[in-house]
Number of protein chains: 2
Amino acid sequence: MAKVDTSLVAHLPLFAGVKPEELDDVLREARSARYPKNTAIFEQGADAQSFFLLLHGHVRAAKTTPTGEQIVVRYVAPGETFGLAMAIGAAHYPATAIAVDDSVVLIWPTSAWPRLIERFPALATNTMQTVGKRLQESHTRILEMSTQQVEQRVAHALLRLANQSGKKLDHGIEIDFPISRQDIAQMTGTTLHTVSRILSGWESQGLVESGRQRIILREPHRIVVLAERNQDSGAA
Amino acid sequence: MAKVDTSLVAHLPLFAGVKPEELDDVLREARSARYPKNTAIFEQGADAQSFFLLLHGHVRAAKTTPTGEQIVVRYVAPGETFGLAMAIGAAHYPATAIAVDDSVVLIWPTSAWPRLIERFPALATNTMQTVGKRLQESHTRILEMSTQQVEQRVAHALLRLANQSGKKLDHGIEIDFPISRQDIAQMTGTTLHTVSRILSGWESQGLVESGRQRIILREPHRIVVLAERNQDSGAA
DNA sequence: CGGACAGTTTGCGATAGCGCAAAACGGGCC
DNA sequence: GGCCCGTTTTGCGCTATCGCAAACTGTCCG
C-alpha cells in the first residue's frame with residue numbers, strides 16, 4: 001500500500017486541529033487508489049463501505065432519477081472529501097462518483113469512522129463544517145434556480161468552477177478538467193442545447209473560448225456582470 | 001425560566017443516545033421562549049448567538065436574495081432543531097426564521113455548543129445526521145426543480161408537508177399551519193399565480209379543498225399519481 | 001355592521017427555453 | 001490518411017409558465 005506523506009495533507013481543512021503526529025495514525029487507516037478517467041468510484045445506491053479524500057484529479061458527483069435523468073451534485077476538487085454517506089447516517093451512497101480525470105484518492109473504510117472521531121474529535125467538527133457548507137451552497141443553488149434565468153445560472157456555475165478549479169492562463173482562466181455542455185446543463189437545470197447556444201453567444205462576444213469539453217473564461221469580469229445583472233438591464 | 005420536562009423531549013432524534021439523567025444537564029443550559037404568530041425568531045445575516053429546538057408551533061426558514069426575492073428553505077416541525085449556524089461554522093444565520101403559528105422553542109446559547117458536544121458526543125453525531133439529511137433533501141429538491149414541471153413539484157411539496165405536518169381528518173389531510181400560495185410558490189420555484197391556477201384546477205377535480213392559507217388534501221393517492229407521473233401521460 | 005386589507009382567482013398576451021432533428025465538427029484510432 | 005463516434009452547433013416550431021392587471025373574497029378590526 002502506498003504511503004502518503006503527512007506533509008501533503010496536513011494543511012487540509014479535514015485535518016485542521018489534528019496534531020501532525022496524530023495525523024499519521026489517521027492516514028494509517030487509509031489506503032490509496034487510482035481511478036482512470038471516466039471510471040466510477042462508487043454508484044448511487046451501493047453500500048457505503050468507504051469514504052474518500054481526493055488527492056489528485058477531479059471527481060463528479062451526480063444523482064440520477066428513477067427515470068434516468070441526471071443532475072451534477074458537485075465537482076470534487078483535490079483536498080476535498082466525498083462519499084461521506086456514513087457520517088450523515090446513510091447506509092447507501094446517495095449519488096454516483098465518477099473520476100473525470102485520472103484521479104488518486106485516499107480511502108477509509110466506513111467502519112473506521114466511529115473510532116476515528118472518537119480519537120480525533122476535530123475530524124467530526126471539520127466534517128460537520130464541510131457538510132454545513134455544502135448545505136448552504138445547495139440552498140444557494142436552489143435560490144438561483146428559483147430566481148434567475150438560465151444565462152445567469154450558467155455564468156454563476158462557470159465562475160464557481162473557475163474559482164474552484166481554474167488554471168490561470170495569460171489569456172484567461174481555464175477550467176482544469178474535461179467538462180461538456182451536458183455537464184453544465186446538469187449543473188444549472190437546463191438542457192445542453194441551451195448551454196451550447198449561450199456559450200456560442202458568449203464566444204462571439206469574446207467572453208469565452210471553448211471547445212470540446214474545454215472552456216476558457218477570457219473575460220471573467222464581464223461574466224461576473226452577466227451573473228449579477230438584474231433581468232431588466234437591456235443590451236444594444 | 002420555565003422548566004422543561006425531560007420526558008417530553010427525551011425521544012427526539014437530537015437526544016438519541018443521551019441518558020435520561022444527562023438530558024437534564026443539557027436542558028439546564030437552555031431557556032424557553034414563546035414567539036407569537038408571524039414574528040421573527042432570527043434574521044438572515046444576524047449574529048448566530050443561539051440555536052433552537054422547536055417544541056410547539058411551526059417555523060418557516062426563508063432565504064432572501066440581495067434583490068429581495070425569497071425562497072422557503074423549509075418548514076420546521078415540532079421536535080426539530082433550527083438555527084444551527086454555529087454547528088456548521090457559520091457566524092451568521094444564513095436564513096430568516098419566522099414563527100408561522102404561535103410557537104414555543106428551547107434556546108441554547110451558541111457558546112454552549114462546544115461544551116455540550118464534548119460532554120455528550122451523541123449530540124454531535126445526531127446533529128451531523130440531521131444536517132446530512134437536510135443536505136440530501138436539498139439535493140432532491142434540486143433534482144426535482146431540474147427535471148420536473150411545476151405541477152409535479154407542487155404535488156411533491158404538498159405531500160411532504162402533509163407527511164411532516166398533516167392533521168388527519170376523515171375527509172382528507174390538512175396541512176396543520178397557515179400557508180399561502182406564495183409560500184408554496186417559494187418552495188417550488190414558481191409564482192403564486194401558477195400555484196393558484198394549479199390548486200384551482202385540483203379543487204375543481206376534487207383533489208384538494210383549499211382556502212385562505214389553508215389546504216386540505218382530499219385525495220392524497222391521486223396527488224401522488226400527479227407527483228410521480230412522467231411528463232407524457234395524457235388526461236381525458 | 002362596514003370598511004379595509006391581505007390573500008386569492010382569473011384573463012390575456014409575451015417569451016424564455018424546450019424538444020426534435022439534422023448538420024457540422026473534432027479527435028482519436030486503426 | 002481516412003474513418004468513426006461522441007460532442008457541439010443551429011434552425012424552427014411549440015408551450016409551459018411568467019408577468020401584469022384587474023376583479024374578487026374571506027377575515028379581522030374598529
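Because the structure is predicted, anything quoted here is derived from the model rather than measured.
- Taking the charged nitrogens against the carboxylate oxygens, B:Glu144 and B:Arg160 do have a contact shorter than 4.0 Å, which makes a salt bridge.
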Checklist line | Per-nucleotide protein contact string for nucleotides 6-14 of chain C, where B marks a base within reach and S marks sugar-phosphate only (heavy atoms under 4.0 Å, - for neither) | finding: BSBBBBB--
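- Inter-residue side-chain proximity for B:Thr127 and B:Thr81 is flagged as unmet; no heavy-atom pair is nearer than 4.5 Å.
- With hydrogens and angles left out, the side-chain atoms of B:Thr188 and B:Thr190 include no donor and acceptor closer than 3.5 Å.
- Atom NE2 of A:His221 is surrounded by 12 or fewer heavy atoms from other residues, nucleotides or ligands within 6.0 Å.
- Nucleotide D:dT10 holds its P atom 13 Å from the CD1 atom of A:Ile198, rounded to whole Å.
- The distance between atom CD of A:Gln148 and atom P of C:dA16, rounded to the nearest whole Å, is 16 Å.
- A donor and an acceptor atom, one from each side chain of A:Ser210 and A:Glu203, are located under 3.5 Å apart.
- For the segment residues 70-77 of chain B, the set of residues with a heavy atom within less than 4.0 Å of an atom of DNA chain C is empty.
- Following rounding to the nearest Å, A:Trp202 (CH2) and D:dT9 (P) show an atom-to-atom distance of 13 Å.
- Partner of A:Asp102 under the side-chain hydrogen bond (donor to acceptor under 3.5 Å, both in side chains) criterion, chosen from A:Arg34, A:His56, A:His58: A:Arg34.
- Ring pair A:Phe42/A:Tyr93 is parallel by interplanar angle, where below 30° counts as parallel and above 60° as perpendicular.
- The distance between atom CD of B:Glu151 and atom P of D:dT15, rounded to the nearest whole Å, is 17 Å.
- Listed pair B:Thr190 / D:dT17 fails the phosphate criterion, with no side-chain N or O lying under 4.0 Å from OP1 or OP2.
- When rounded to the nearest whole Å, the span between CG of A:Asn38 and P of D:dG6 equals 12 Å.
- Taking atom CZ of A:Arg153 as the reference point, atom C1' of C:dA16 lies 11 Å away to the nearest angstrom.
- Residues A:Glu151 and A:Trp202 have side chains that bring a donor and an acceptor to within less than 3.5 angstrom of each other.
- A donor-acceptor pair shorter than 3.5 Å cannot be found between the side chains of B:Ser180 and B:Gln182.
- The shortest distance between side-chain heavy atoms of B:Val154 and B:Leu226 does not fall below 4.5 Å.
- Five base pairs at each end of the helix from C:dC1-D:dG30 to C:dC30-D:dG1 define two local axes, and these are offset by 40° (rounded to 10°).
- Atom-to-atom distance recorded for B:Ile88:CD1 and B:Arg134:CZ is 9.5 Å, nearest 0.5 angstrom.
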